[in-house]
There are 2 protein chains.
Amino acid sequence: MNKPVTLKDIARETGVHVSTVSRALDPNARTSLTREVVERIRSTAERMGYRPNRLASSLRTKRTMSIGLMIPDIENTLFPPIVRGAESVLEPAGYTSIIVNTDSDRKREAKLVDVLLERGVDGIIHAAPYLSDPRMIEVARRGLPMVTVNRQIENSEIPSVVNDDPGGIAMMLRYLHEHGHRHIAHIAGPKNLSTGRARIEAFKATAKELHLDLPDEALVVSNYFDEQEGRRCTRQLLESGTEFTAILCANDRLALGAFDALRQHGLSCPDDISVTGYNGIPFLDLIPPGLTTIQIPQFDIGRIGAELLIKMMTDPDATIPRTTILPVKLVERGSVKRIDPA
Amino acid sequence: MNKPVTLKDIARETGVHVSTVSRALDPNARTSLTREVVERIRSTAERMGYRPNRLASSLRTKRTMSIGLMIPDIENTLFPPIVRGAESVLEPAGYTSIIVNTDSDRKREAKLVDVLLERGVDGIIHAAPYLSDPRMIEVARRGLPMVTVNRQIENSEIPSVVNDDPGGIAMMLRYLHEHGHRHIAHIAGPKNLSTGRARIEAFKATAKELHLDLPDEALVVSNYFDEQEGRRCTRQLLESGTEFTAILCANDRLALGAFDALRQHGLSCPDDISVTGYNGIPFLDLIPPGLTTIQIPQFDIGRIGAELLIKMMTDPDATIPRTTILPVKLVERGSVKRIDPA
DNA sequence: AGTATTTGTGCAATCGATTGCGTGATTTCT
DNA sequence: AGAAATCACGCAATCGATTGCACAAATACT
């Protein structure tokens, strides 16, 4: 491994001082140097194959040009698009990201934040914090630029980029209503997540608006956003004896679990029970009967989150919107049947 | 943002020299110091909340404890499990990984390698190199520890971890044969990828072994491993007029595309045509009729790749197997029908 | 007891780039 | 033409941790 070319090497080669070389190669400082000198340095740097050592630079400037990207699990298809969205702006801006999987485990989250801090990240994008997350709030308070995307932390000043949960849920509930459904159950998300809470509240509010009958048993709360909980909650609905013709699920994976549980109970979707999801994860069009869902702009959530973070990192005094709400849209597939209102 | 505690601060506080502090905190060098001194330093370090500055350390030691993880696209469900597998060993070992998406674009790949090099990664795991990849070979030659996983580069000494492509394809072809199929088409992967080539060769070899009739038209080569190409190739097969009762696809996404194209042509899978895939990506069990496929151990591929890389990074003289081949298994679902041999 | 060896720390250079300050040379101004 | 201002670049400190070498004190040896 031949040792890399350093500023010193170029300085020796061109007969100038290393500080001059440094300035010649810095687009911002280049102003006060002679055109020729800059050109001479630039060309020999190129010729010698100079690659700046970011470590040395970072040590001096206190900026690593890297950020931390915290997600629950990269295997959850909801997150890769967010990651790509974020990188679509980070990479061109010269930032590199360290992705960590928290597995939605507070202990891991705390440990991984330390890892990121130790690595000197310039900022953090947290894609799925808890509603109450004192550790992250503390880190942000200390002055580390941070944005949360997809979910948000309550009682904090941390800017967040989320989709329009209330609007999306209302849209979906109205859609079911328009399709004749009057008895609609809801499988809600975990209460300790902002998405879980926002969606259940929107559901209740819209149900009231539409004058829907909403018995307590028609509303079950899941512990995790996954298929297994979707199955469990669906079973619970079925066994409670409450009457319903549709289930509005707080996310797609719960809905996929519902598909499964209904099938196991010998019920057909959408003929017996209609089901709807939320998020719009991939492959949904390939899974029968095709989940009607709310498509959230995952890529844009990541993209805008990264844009905000860069703004915060480069201009500490910039005014950053506390919450950025992105519009969603309803994607019709086959899981909702039009019925005659009872 | 209160400034971090440094060795110098601890030195001042405890009245010793910073080099002593450094040694006291280094588990390896701690030997030659007095128990008490070490203890005193350790405790005040703890009390002051000392966090080592990895940048400074790396600058001096030339080790960043970070590695580059190159994948085509994190949105492709094949890769997240590989990533998790790799991180399952990297993280506990104190390594952090920088994930880059090449989009299977040579220009991007070249650029991203430079980014990684500039960041001073200690090694690289490349999850999908081209068969011929001089740039990566050159980087490896220069002395940077590197392993390729999932695919491999030909004519290079770079260790790779791959699944048993020949075995898997042979297994699948035999399976179709046992189910009565005698006219079997193959949608092959791109020729410039090791997986594409290995699989087509295995297909031909096994077909010969089984004395299958294999006209040229029954074998079409895709340009990319994706659904669109699967559709195109299937259409081509259908329009060529060649006779076949099953299509063995070189990967799952091609097979998913085949599902689609068959449907568009009014054909049913598996009643009219059987289809098989390769890889075992998620959600396959939810997509009708359920793709029968070869499950590759993605997580283990990542895990073992990372283990090899760590070995290479920590002991340059270690003997590393040139190729590590992992076993695969056949997963039966509903896309293959048993028929009477014509 | 006197010399040789070991032990525990300190000193200072180093990794590579950045940057405030200084200075000689050139240009501009009166 | 002489003073002032500007310009182009060099000097040296700095970021924080690591490490070979030096050296004094303590211990072991003959």
Side-chain angles (χ1 to χ4, degrees), chain A residues 1-42 44-45 48-66 94 117-122, chain B residues 1-42 44-45 48-66 94 117-122:
Chain A
M1 187 141 49
N2 38 13
K3 46 230 138 296
V5 181
T6 72
L7 287 190
K8 205 192 286 184
D9 298 326
I10 301 178
R12 196 183 316 111
E13 189 78 7
T14 55
V16 300
H17 194 264
V18 343
S19 62
T20 307
V21 179
S22 172
R23 280 187 267 256
L25 265 23
D26 178 355
N28 302 319
R30 208 176 300 183
T31 51
S32 79
L33 295 196
T34 320
R35 272 215 162 297
E36 332 158 51
V37 176
V38 171
E39 201 33 56
R40 188 155 49 96
I41 292 173
R42 267 186 35 72
T44 71
M48 298 177 72
Y50 172 71
R51 302 264 109 209
N53 181 327
R54 276 180 178 282
L55 289 173
S57 164
S58 296
L59 177 59
R60 182 69 225 254
T61 62
K62 304 287 181 205
R63 301 184 62 207
T64 56
M65 294 301 282
S66 70
L117 256 25
E118 209 168 277
R119 296 279 173 176
V121 293
D122 295 339
Chain B
M1 186 141 50
N2 37 16
K3 47 227 135 303
V5 182
T6 72
L7 286 190
K8 203 192 286 185
D9 299 327
I10 301 178
R12 195 183 315 110
E13 189 80 5
T14 54
V16 299
H17 193 265
V18 338
S19 62
T20 307
V21 179
S22 173
R23 281 187 267 257
L25 265 23
D26 177 355
N28 302 320
R30 207 178 300 185
T31 51
S32 77
L33 296 196
T34 319
R35 270 215 164 296
E36 333 158 50
V37 177
V38 172
E39 200 34 55
R40 187 155 49 94
I41 292 173
R42 268 185 35 72
T44 71
M48 297 176 73
Y50 172 71
R51 302 260 108 211
N53 182 327
R54 275 178 178 283
L55 289 174
S57 165
S58 296
L59 178 59
R60 183 67 226 250
T61 61
K62 304 286 179 209
R63 301 185 63 206
T64 56
M65 294 301 282
S66 69
L117 254 26
E118 210 168 276
R119 296 279 173 176
V121 293
D122 295 339

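Just so it is clear, the structure is predicted and the values come from calculations on it, not from any experiment. Note on naming: letters A, B, ... go to the chains in the order of the sequence lines (proteins, then strands), and numbering restarts at 1 for each one.
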Can you tell me how far [atom2] of [N] sits from [atom1] of [X], to the nearest Å?
X	N	atom1	atom2	answer
B/Leu7	D/dT19	CG	C1'	13 Å
B/Lys8	C/dG10	NZ	P	16 Å
A/Met65	C/dT18	CE	P	12 Å
B/Ile10	D/dA17	CD1	C1'	11 Å
A/Arg35	D/dA8	CZ	C1'	15 Å
B/Arg60	C/dA17	CZ	C1'	16 Å
A/Asp9	C/dC15	CG	C1'	13 Å
B/Asn53	D/dT14	CG	P	17 Å

Looking at [N], I'd like to know if its phosphate oxygens (OP1 or OP2) sit under 4.0 Å from a side-chain N or O belonging to [X].
X	N	answer
A/Ser58	C/dA17	no
A/His17	D/dC11	yes
B/Lys62	C/dT14	no

Pairwise side-chain contact, [X] with [Y], heavy-atom cut-off 4.5 Å (strictly under):
X	Y	result
A/Pro52	B/Glu118	yes
A/Tyr50	A/Leu25	yes
B/Ile41	B/Ile10	yes

Nearest listed nucleotide, side chain of B/Thr34, among D/dA17, C/dG8, D/dT18: C/dG8

A/Leu59 side chain, from C-beta outward: closest of D/dT19, D/dG16, C/dA17: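 Given the options D/dT19, D/dG16, C/dA17, the side chain of A/Leu59 is closest to D/dG16.
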
A/Arg51 vs B/Thr20, nearer the 5' end of DNA chain C by closest nucleotide: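 Looking at the nearest nucleotide for each, B/Thr20 comes out on the 5' side.
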
Close N or O pairs between protein and nucleotides 20-23 of chain C (under 3.5 Å):
residue	atom	partner	partner atom	Å
C/dG20	O6	A/Arg23	NH1	3.4
C/dG20	O6	A/Arg23	NH2	3.4

Touch class at under 4.0 angstrom, heavy-atom based, for B/Val16 against every strand present: sugar-phosphate

Sugar-phosphate only, base, or nothing, as touched by B/Val37 at under 4.0 Å among non-hydrogen atoms: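 B/Val37: backbone/sugar contact only, no base atoms under 4.0 Å.
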
Non-hydrogen atoms of B/Val18 and B/Lys8 that approach each other most closely: CG1-CA, 4.2 Å

A/Asp26 and A/Arg23 ion-paired at < 4.0 Å: no

Evaluation steps, side chain to side chain contact (heavy atoms under 4.5 Å, CB included), between A/Ser66 and B/Arg119: CA-CA 10 Å; A/Ser66 70; B/Arg119 296 279 173 176; 4.0 Å; yes

Straight-line distance of B/Thr20 OG1 to B/Arg40 CZ, nearest 0.5 Å: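 Output value for this atom pair is 10.0 Å.
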
A/Thr61 vs B/Ser57, nearer the 5' end of DNA chain D by closest nucleotide: A/Thr61

